[in-house]
Amino acid sequence: MKIVVIGTGYVGLPAALMWAKHGQTVVGVDINENVVRALNDGTMMLREKELQDLLEDPTVKKNLLASTTPSEGDVFVIAVPTPVDELKKTCDITAVASAVQAITPYLRPGNLVVVESTIPPMTCRTVVKPLIEKATGYSVPDEIRVAHCPERILPGNIFHEIVHNERLIGGMNEATVDAAIELYEVFVKGELHRTDDITAELSKLMENTYRDVNIALANELAEICENLKVDPRKAIGFANRHPRVQIMNPGIGVGGHCIPVDPWFLKEVAPYTSNLISTARLINDGMPARIAGKIRQKVAGISDPKIVALGATYKKNCEDMRESPAVEIVECLQKDGYRVEHFDPMIPNMDYSSIVEAVRDADLIAVLVCHDTIAESLRQNDNAIKLAMRTAQCVFYDDNVLAHVGIQRRAA
Ligand SMILES: NC(=O)c1ccc[n+]([C@@H]2O[C@H](COP(=O)([O-])OP(=O)(O)OC[C@H]3O[C@@H](n4cnc5c(N)ncnc54)[C@H](O)[C@@H]3O)[C@@H](O)[C@H]2O)c1
């Protein structure tokens with residue numbers, strides 16, 4: 001099989017590597033020339049160790065070529081970004097549309113086009129199908145097959161999840177689903193679920209919407225607990241002892257390119273019947289400002305306080321800063337005129353040489369994202385940190401759980 005993957009980022013590249021590893025001929029197409037050059041040089045822009053190993057694998061090297069332009073193939077997989085339009089809160093489908101347009105000169109009857117990008121329901125039928133039919137004159141799905149096979153991988157655990165996660169295979173007819181199953185069976189060991197494209201589009205959005213709503217509930221419950229001076233971790237932990245309750249962790253907000261984005265795509269197609277979804281979005285989007293407010297309260301009364309924020313990624317132990325609430329919190333404080341220094345040992349240009357030096361003369365450390373490395377440095381240097389700070393206090397959002405623990409104290 002010759003597979004042309006359009007968009008070689010977090011989603012497209014791992015899939016391209018896996019197909020290449022399993023003997024398929026793969027062309028990874030990206031509009032970013034640096035990405036293409038890096039891939040052809042055997043390096044990559046994403047810092048995931050196992051994926052880098054895969055890129056150096058001789059079979060992969062033989063089978064994978066990166067290019068800025070598509071070419072003919074049997075299968076075209078579209079994995080380009082689908083951000084939310086910040087003003088309209090709707091899906092910006094531009095990249096998907098231009099990726100589809102870019103492949104149309106190369107499409108031949110019998111080809112399969114798979115959209116892996118997360119898209120609003122009906123996109124395959126109202127955007128992809130008409131674009132292909134208009135540009136090629138071939139009919140979808142009879143001559144060109146169009147499927148939606150959304151991705152569920154977790155950055156930081158991509159290699160395991162891309163193989164073992166179950167997947168939805170949504171096609172406009174049975175022949176399309178058969179072809180897409182054949183494509184994913186190459187490396188996926190998780191169950192492949194046959195369905196239609198619209199159901200696949202919807203189910204993918206439901207997954208992240210469920211998580212967003214659950215986290216919003218947790219954030220609201222945490223606020224109620226804090227007002228009543230109850231530890232939210234304990235209260236939620238006890239509630240979760242109920243066999244049918246699973247409240248997620250409250251935190252500083254949700255980030256990444258999925259949870260804060262995808263629920264809006266449901267709202268887009270059902271504006272009048274998605275009140276809970278948009279309320280959850282607003283609660284979670286409001287968290288960084290609320291956390292910044294809590295930090296301001298902590299340093300109230302200290303003249304020209306110096307705040308050191310630790311952790312900048314959107315979740316712990318990963319290097320992805322997209323839509324990071326930690327960054328938003330720091331920006332919020334800086335806009336208010338606070339002196340904030342922001343470090344993250346997972347991000348090369350934000351690293352500290354030593355945590356003790358990073359917190360020197362600080363009045364408050366805000367541990368926003370507690371990577372294991374940060375937790376370890378804090379534990380090992382507890383006393384030195386206390387001595388290095390001007391006013392030794394620390395707001396610690398352990399595992400994104402909104403609770404003050406441990407080293408909250410003042411120097412003599
Ligand atoms: N990252 C995740 O964990 C994840 C998980 C599930 C689904 N998704 C979805 O997958 C899609 C891709 O996300 P991602 O995280 O891989 O994005 P990404 O930004 O990491 O990668 C996208 C790549 O596509 C390239 N690109 C953009 N427009 C292009 C075009 N017209 N032609 C060719 N290349 C183009 C970009 O240069 C970039 O390298 C999005 O819809 C996202 O919501 C992401």
Side-chain angles (χ1 to χ4, degrees), residues 4-18 27-40 43-48 51 66-71 73 76-85 90-106 113-121 123-124 127-128 131 148-162 165-168 170 200-201 203-209 211-212 254-266 268 313-315 317-324:
V4 182
V5 179
I6 316 289
T8 51
Y10 279 92
V11 166
L13 179 60
L17 292 172
M18 291 306 288
V27 182
V29 179
D30 206 289
I31 44 167
N32 184 333
E33 283 177 14
N34 295 331
V35 170
V36 169
R37 201 173 310 116
L39 278 180
N40 283 332
T43 55
M44 57 178 200
M45 313 281 277
L46 311 176
R47 297 205 297 145
E48 289 263 353
L51 288 173
S67 169
T68 50
T69 48
S71 48
F76 296 81
V77 178
I78 295 175
V80 296
T82 44
V84 67
D85 178 306
T90 54
C91 178
D92 178 352
I93 206 76
T94 319
V96 171
S98 79
V100 173
Q101 268 151 352
I103 61 171
T104 52
Y106 306 96
V113 177
V114 176
V115 180
E116 279 206 14
S117 299
T118 306
I119 45 178
T123 300
C124 282
V127 177
V128 181
L131 281 174
H148 180 51
C149 305
E151 182 50 84
R152 292 168 162 163
I153 47 167
L154 180 76
N157 196 23
I158 292 175
F159 187 64
H160 177 83
E161 296 217 345
I162 199 169
N165 283 355
E166 298 181 20
R167 281 193 91 120
L168 306 177
E201 289 165 339
S203 295
K204 165 68 192 175
L205 298 178
M206 283 179 196
E207 294 162 13
N208 285 332
T209 301
R211 290 161 63 76
D212 199 40
V254 291
H257 263 198
C258 294
I259 300 181
V261 172
D262 299 357
W264 291 122
F265 301 177
L266 277 180
E268 180 176 341
T313 58
Y314 84 84
K315 67 185 179 78
N317 299 334
C318 93
E319 296 161 349
D320 194 341
M321 286 177 68
R322 297 182 295 178
E323 315 279 335
S324 166

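Just so you know, ligand 1 is whichever comes first in the structure, and atom 1 is the first atom listed for that ligand. Position 1 is the first residue of the sequence, and the numbers go up from there.
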Backbone or side chain, does any N or O of K204 fall under 3.5 Å from an N or O of ligand 1?
no

Only one of V96, V11, T82 passes side-chain contact (heavy atoms from CB on, under 4.5 Å) with T118; say which it is.
T82

Among N157, L51, L154, I153, find the one that has a side-chain contact (heavy atoms from CB on, under 4.5 Å) with I162.
I153

Could you list the atoms of ligand 1 found under 4.0 angstrom from a heavy atom of A95?
28 (N), 31 (N)

Between ligand 1 and R322, is the shortest N or O to N or O distance under 3.5 Å?
yes

What do you reckon, does T8 have a nitrogen or oxygen under 3.5 Å from a nitrogen or oxygen of ligand 1?
no

So for ligand 1, is E151 a polar contact partner (N or O within less than 3.5 Å, distance only)?
no

Return the NZ to CG distance between K315 and D320, rounded to the nearest 0.5 Å.
8.5 Å

For ligand 1, which atoms have a heavy atom of S98 less than 4.0 angstrom away?
31 (N)

Please report whether ligand 1 has a polar contact with E116, defined as an N or O pair separated by less than 3.5 Å (distance criterion only).
no

Part of A102 within contact of ligand 1 (heavy atoms, under 4.0 Å)
neither

Exactly one of I93, L205, N208, T209 clears side-chain contact (heavy atoms from CB on, under 4.5 Å) with F265, and that residue is L205

Looking at non-hydrogen atoms alone, which of I103, V115, V84, V80 comes nearest to atom 12 (C) of ligand 1?
V80

Just by modelled atom types, is the C124 backbone N or O under 3.5 Å from a matching donor or acceptor in the E201 side chain?
yes

Within a distance under 4.0 Å of any heavy atom of A79, pick out the atoms of ligand 1 and give their elements.
12 (C), 22 (C)

Closest heavy-atom contact between P121 and L266?
CG-CD2, 4.5 Å

Please indicate whether any nitrogen or oxygen in R152 is less than 3.5 Å from any nitrogen or oxygen in ligand 1.
no

Is P81 near ligand 1, meaning one of its heavy atoms is under 4.0 Å from it?
yes

Side chain or backbone of S117 under 4.0 Å from ligand 1, or both, or neither, by non-hydrogen atoms?
both

Surrounding CZ of R211 (heavy atoms of other residues, nucleotides or ligands, distance under 6.0 Å), is the total greater than 12?
no

Per atom 37 (O) of ligand 1, closest listed option by heavy atom (D30, D262, V261)
D30

So the atoms of ligand 1 within less than 4.0 Å of a heavy atom of I6 turn out to be 32 (N), 33 (C)

Expected output: side-chain E323 to main-chain P260 donor-acceptor under 3.5 Å:
no

Could you give the distance from CH2 (W264) to SG (C91), rounded to the nearest 0.5 Å?
13.5 Å

The reported gap from SG in C258 to NZ in K204 (rounded to nearest 0.5 angstrom) is 5.0 Å

Under 4.0 Å from a heavy atom of N32: give me the atoms of ligand 1 that qualify, with their elements.
37 (O)

